[in-house]
Amino acid sequence: MQSRPKITVVGAGNVGASVAQYTVEKELGDVVLVDVIEGMPQGKSLDLAQTGPIHGYDSQLTGSNTYDATAGSDIVIITAGLARKPGMTRDDLLFKNAEIVGAVVDQVASRSPQAILILVTNPLDAMVQLAWKKSGFPHQRVIGMAGVLDSARFRTFIARELDVSVENVSAFVLGGHGDSMVPLPRYSTVAGIPITDLLSPDRIEGLVTRTANGGAEIVNLLKSGSAYYAPAASVVEMVEAILKDKKKILPCAAYLDGQYGVRGLYVGVPVKLGRRGVEQIVEITLTSDEQAAFDKSVAAVRELVDKLKL
Ligand code: TXD
């Protein structure tokens, strides 16, 4: 009998394996890891299961190269795909990853018709739109992870700049996950104080630029592969908000149906996450400069979605 929530992670690579690790460490549920590489999800699951006695978790871990073990999942996280290599843009990945994600969604949606899907694979916003279309799920149950990561990066840089605890820093990031993302300094705060009162426009501009290029900075350092600890932690914050029905407001790629002047497209905005998935889109008033930057980011997302004919 299953009494713990069931969380499937498709793609047991760097992000997927770390998602599994953080999920069981927090005892959020049992985890099924799926990957196309034979033996790999099974091996990682067994290794993580054997960490349980040391770290004190009882979550069950299962690895598989097929999908039957995923049936009846509460949440399915999709990280399957190729990661960016140095010099490769997220957009280069579009067609290859669309093929992979489309096939994965077909497999999981039929076996877990009530699941909430969390997309991670890049280019993120287009992959979420694709997963929503392919699954036939209500848009509230198909969500993309990007904003939590982007704002965690912005928070890290703000905390370092001001030499304060990261816990004091909140940050606000809008738009697509890409170089055109829109960090919003006037809604980014340290103990409630907007950073626009604490830092010069030049310093803020530096932090904003570093945030927008945050993924590429790590890709260039690692040489092969891309960031995975913070991306995985970001996914797990969303999983926890959903399973514990926290109604937590987090920036996620969500389906806009007129909000922020956008209709019929997934883009990063603050949402309320609870057991039903995206329970509300939080709308704020943008200045004309912010709206222009947001519109530019939306246009970049729409271009990819159009290329996929979604
Ligand atoms: O903010 C964000 N959304 C992101 C996105 C942050 C970090 C990483 N981001 C993207 O996630 C990245 O650009 C990639 O598109 C994915 C996964 O990144 P990861 O770093 O985990 O890549 P890996 O280590 O290469 O893992 C991908 C795994 C690998 O083990 C493949 O064998 C597997 O995906 N894979 C598949 N699994 C199942 N089914 C199919 N078809 C499949 N194809 C590949």
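The chain is numbered in sequence order, starting from 1. Remember, it's 1-based here, ligands and their atoms both numbered in the order they're listed.
- For Ile100, every heavy-atom contact with ligand 1 shorter than 4.0 Å involves the side chain, none the backbone.
- Taking the ring axis of Phe137 as reference, the NZ or CZ atom of Arg141 stays within 45° of it and closer than 6.0 Å to the ring centre.
- For the residue pair Val271 and Ala254, the shortest heavy atom distance occurs at CG1-CB, 3.6 Å.
- By heavy-atom distance, the residue among Ile118, Val104, Asp35 lying nearest atom 28 (C) of ligand 1 is Asp35.
- Salt-bridge formation is detected for the pair Arg263/Asp257: a Lys NZ or Arg NE/NH1/NH2 atom is positioned less than 4.0 Å from an Asp or Glu carboxylate oxygen.
- Under 4.0 Å from ligand 1, the heavy atoms of Ile37 that appear belong solely to its side chain.
- Listed by number with element, the atoms of ligand 1 under 4.0 Å from a non-hydrogen atom of Leu149 are 1 (O), 6 (C).
- Under the 4.5 Å side-chain heavy-atom criterion for grouping Ile, Leu, Val, Met, Phe, Trp and Tyr, Met40 is not connected to Val34 through any hydrophobic cluster.
- Residue-to-ligand polar distances keep Tyr228 apart from ligand 1: every N/O pair is separated by 3.5 Å or more.
- Remark: Lys247 NZ is packed, more than 12 non-hydrogen atoms of other residues, nucleotides or ligands lying under 6.0 Å away.
- Between Asn122, Thr121, Val19, it is Asn122 that holds the heavy atom closest to atom 13 (O) of ligand 1.
- Only the side chain of His177 comes within 4.0 Å of ligand 1, judged by heavy-atom distances.
- In terms of hydrophobic clustering, with Ile, Leu, Val, Met, Phe, Trp and Tyr side chains grouped at heavy-atom distances under 4.5 Å, Tyr255 and Val262 are assigned to a common cluster.
- Side-chain atoms of Asn65 and Gln42 form a donor-acceptor pair, as typed in the model, at a separation below 3.5 Å.
- The ligand atoms of ligand 1 that sit less than 4.0 angstrom from a heavy atom of Met40 are 30 (O).
- Of the heavy atoms in Ala80, both backbone and side-chain atoms come closer than 4.0 Å to ligand 1.
- With a 4.0 Å heavy-atom cut-off, ligand 1 is reached by the backbone of Val15 and by its side chain too.
- Shown here is Lys44, whose NZ atom has more than 12 heavy atoms of other residues, nucleotides or ligands within 6.0 Å.
- Residue contact check: Leu82 has heavy atoms under 4.0 Å from atoms 13 (O), 14 (C), 15 (O) of ligand 1.
- Arg160 CZ: 12 or fewer foreign heavy atoms inside a 6.0 Å radius.
- Of the N or O atoms in Leu93, none lie within a sub-3.5 Å distance of an N or O in ligand 1.
- Only the backbone of Ala227 comes within 4.0 Å of ligand 1, judged by heavy-atom distances.
- Taking every non-hydrogen atom of Thr79 and a distance limit under 4.0 Å, the qualifying atoms of ligand 1 come out as 16 (C), 17 (C), 27 (C).
- The parts of Val36 lying near ligand 1 are both backbone and side chain, judged by heavy-atom distances below 4.0 Å.
- Atoms of ligand 1 found under 4.0 Å from any heavy atom of Pro231, numbered from 1 in the order shown, are 6 (C), 7 (C).
- Near Asn97, with a cut-off below 4.0 Å to any heavy atom, the atoms of ligand 1 are 15 (O).
- For the pair Glu237/Leu250, a side-chain contact is recorded, criterion being any heavy-atom separation below 4.5 Å from C-beta on.
- Side chains of Thr70 and Thr8: a donor-acceptor N/O pair is absent below 3.5 angstrom, by distance only.
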